[in-house]
Amino acid sequence: MILSTTEYISGKELEILGLVQGNVVQTKSIKKDLKAVRKNFVGGEIEDYTDLLKESYGIATERMIQAAKDMGADAIIAVRYSTSSIVESASEVMAYGTAVKFI
C-alpha cells in the first residue's frame, strides 16, 4: 500500500474511493507516570511516552491501511495524523486520508 501526504501520486491517474481512517486510544500506566514525574525533576525525554506514541501511530496507520484494503485501494493520498486528549490519562491518535485506485 502506497501512503502519500500529497494529493496525487506522480505518473498515476487516480480514482477516488473515499475517506479512510484508523484510530487508537491508549492510556499511560502508573509505572510510566512515576518515571515521568522523576524526569520532570531532571529534565530530558520521557522515552516511555515516546514509545507509547510510536506504537499508537503504528496501530492507527495499520487500521487506516486495512480500511483502504477493504475498499480495494492501491494507495492512500493526503494522509494526515491527529492527536487529542480524551481524559487526563488517555490520548487518541487518528490517521486519515483518501483511498484511491490506480486507473
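Note: hydrogens, waters and symmetry copies are ignored here, and every other heavy atom, side chains too, is used. Note that the coordinates shown come from a computational prediction; the quantities given were computed from them, not determined experimentally.
Taking D51 as the reference, nothing meets the side chain to side chain donor-acceptor pair (under 3.5 Å) condition, with sequence neighbours excluded. Annotation: side chain to side chain donor-acceptor pair (under 3.5 Å) contacts of S91 (sequence neighbours excluded): none. Applying the side chain to side chain donor-acceptor pair (under 3.5 Å) test to S10 and every residue at least two apart in sequence or in another chain returns nothing. Every side-chain contact (heavy atoms from CB on, under 4.5 Å) that A78 has, sequence neighbours left out, goes to E7, R80. A search for side chain to side chain donor-acceptor pair (under 3.5 Å) contacts involving T50 returns E45, not counting sequence neighbours.
Here the closest non-hydrogen pair linking S56 and Q26 is OG-OE1, 3.1 Å.
Annotation for I16: atom CD1 does not count as buried by contact number, only 12 or fewer foreign heavy atoms lying within 6.0 Å.
You'll find the side chain of I77 reaches within 4.5 Å of the side chain of L14, heavy atoms only. Counting heavy atoms from C-beta outward, Q66 and K69 have side chains that approach closer than 4.5 Å.
S84 OG to E92 CD: the interatomic distance, rounded to the nearest 0.5 Å, is 4.5 Å.
Counting side-chain heavy-atom gaps under 4.5 Å among Ile, Leu, Val, Met, Phe, Trp and Tyr, the cluster of V79 also holds M1, L3, L17, V20, V24, L53, Y57, I59, M64, I65, M71, I76, Y81, V93.
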Sequence neighbours left out, cut at 3.5 Å: what donor-acceptor pairs do the side chains of residues 95-103 make with other protein atoms?
unit_1, atom_1, unit_2, atom_2, d
K101, NZ, G72, O, 3.0

